[in-house]
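Encoded as structure tokens, the structure appears first; notes follow it.
If you're wondering where the values come from, they're calculated on a predicted model, not measured in any experiment. Numbering of residues begins at 1 and proceeds along the displayed sequence.
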Amino acid sequence: MSDNSIPQTGQQRERENNKETKQDKTPRGPLQTSHGVTTIEENVVAKIAGMATREVPGVYDMGNAVRRAFSAVTDRIPNAQTNVAGGISVQKGETQAAVDATVVVEYGVSIVEVANAIRRNVIEQIEGTTGLEVVEVNIDVTDVHLPDDDSNSADSADLK
């Protein structure tokens, strides 16, 4: 005979009901409390991740070539805001987030060290400010900024 076929006493049923009630009211994380739920939009997480990525030494720029070209144009517009979330993609659930960052690194830095520093900083900033658990931070290095790139772009600007 299984345990399910044994009748429960009134006390046993009450204990079981109390366990279920307590589990339903138990907070599921810092964003979901017994007093309410806090939701954080993906763009908020993306901005935090973008700022955290930009803080890492060795990161020259963010995003793919098209996004960087668009940013170069908007940077020339007076009073235009910098898009700090550019180059960042976020997938977010109720309690977890995953981040994809697209970056350009400076020539001569260790890409492995820069990528690890980005991961550490992004995880620390997102988990510390939002309470979300960061399950992964994927980094796509799309280019290396060479020292000559600055002088060539300055020369071509002078010719126009």
Side-chain angles (χ1 to χ4, degrees), residues 20 22-160:
E20 290 173 8
K22 285 180 185 175
Q23 287 175 351
D24 292 344
K25 292 184 179 180
T26 303
R28 294 178 294 188
L31 298 175
Q32 300 161 348
T33 70
S34 59
H35 297 287
V37 176
T38 303
T39 56
I40 299 173
E41 296 293 322
E42 285 185 0
N43 68 322
V44 173
V45 178
K47 284 182 178 183
I48 294 166
M51 291 299 294
T53 301
R54 291 173 195 285
E55 291 173 352
V56 174
V59 174
Y60 176 76
D61 203 355
M62 294 185 59
N64 59 24
V66 173
R67 198 212 72 76
R68 292 193 319 268
F70 180 74
S71 290
V73 171
T74 57
D75 286 346
R76 294 180 183 177
I77 299 170
N79 300 326
Q81 282 188 322
T82 302
N83 181 6
V84 295
I88 298 289
S89 173
V90 173
Q91 295 82 42
K92 187 190 77 64
E94 287 183 25
T95 60
Q96 296 179 325
V99 177
D100 296 328
T102 303
V103 298
V104 176
V105 297
E106 295 278 357
Y107 173 77
V109 299
S110 166
I111 293 174
V112 172
E113 288 178 15
V114 170
N116 287 335
I118 290 170
R119 278 189 189 91
R120 276 192 308 273
N121 205 31
V122 166
I123 290 169
E124 181 181 302
Q125 293 297 322
I126 291 175
E127 289 184 351
T129 58
T130 67
L132 292 168
E133 175 191 6
V134 179
V135 292
E136 67 180 8
V137 177
N138 299 309
I139 298 157
D140 183 18
V141 179
T142 59
D143 203 356
V144 174
H145 176 258
L146 303 173
D148 292 345
D149 289 349
D150 289 333
S151 63
N152 288 343
S153 61
D155 293 341
S156 63
D158 291 340
L159 296 175
K160 291 183 181 177

Looking at side-chain heavy atoms only, is the closest gap between Asp61 and His145 below 4.5 Å? no

What distance separates Lys47 NZ from Ile126 CD1, expressed to the nearest 0.5 Å? 14.0 Å

Applying side-chain contact (heavy atoms from CB on, under 4.5 Å), name anything that partners Asp140, two or more places apart in sequence or on another chain. Thr102, Thr142

As a test of understanding, state which of Asn116, Asn121, Val114 forms a side chain to side chain contact (heavy atoms under 4.5 Å, CB included) with Ile118. Val114

Side chain to side chain contact (heavy atoms under 4.5 Å, CB included) partner of Leu31, chosen from Ile40, Val37, Thr39: Ile40

Smallest separation among heavy atoms of Val56 and Ala117, with atom names: CG1-CB, 3.6 Å

Taking all non-hydrogen atoms of both residues, which atom of Glu94 and which atom of Leu132 are closest, and how far apart? O-CD2, 3.7 Å

Nearest heavy-atom approach of Glu106 to Val109 is O-CG2, 3.1 Å

Minimum heavy-atom distance Ala49-Ile88, with the two atoms named: CB-CG2, 3.9 Å

Just so I know, are the side chains of Asp100 and Gln91 near enough to count as touching, which here means a heavy-atom distance under 4.5 Å? yes

To check you understand the geometry: which heavy-atom pair defines the closest contact between Val144 and Tyr107, and what is its length? CG1-CA, 3.5 Å

For Glu113, check side-chain hydrogen bond (donor to acceptor under 3.5 Å, both in side chains) against everything at least two apart and list the hits. none

How long is the gap from CD on Gln96 to CD on Glu127, to the nearest 0.5 Å? 10.0 Å

Check side-chain hydrogen bond (donor to acceptor under 3.5 Å, both in side chains) between Glu42 and all other residues, then give those that pass, not counting sequence neighbours. none

Say whether, by atom type as modelled, one donor and one acceptor occur between the side chain of Glu133 and the main chain of Thr95 under 3.5 angstrom. no

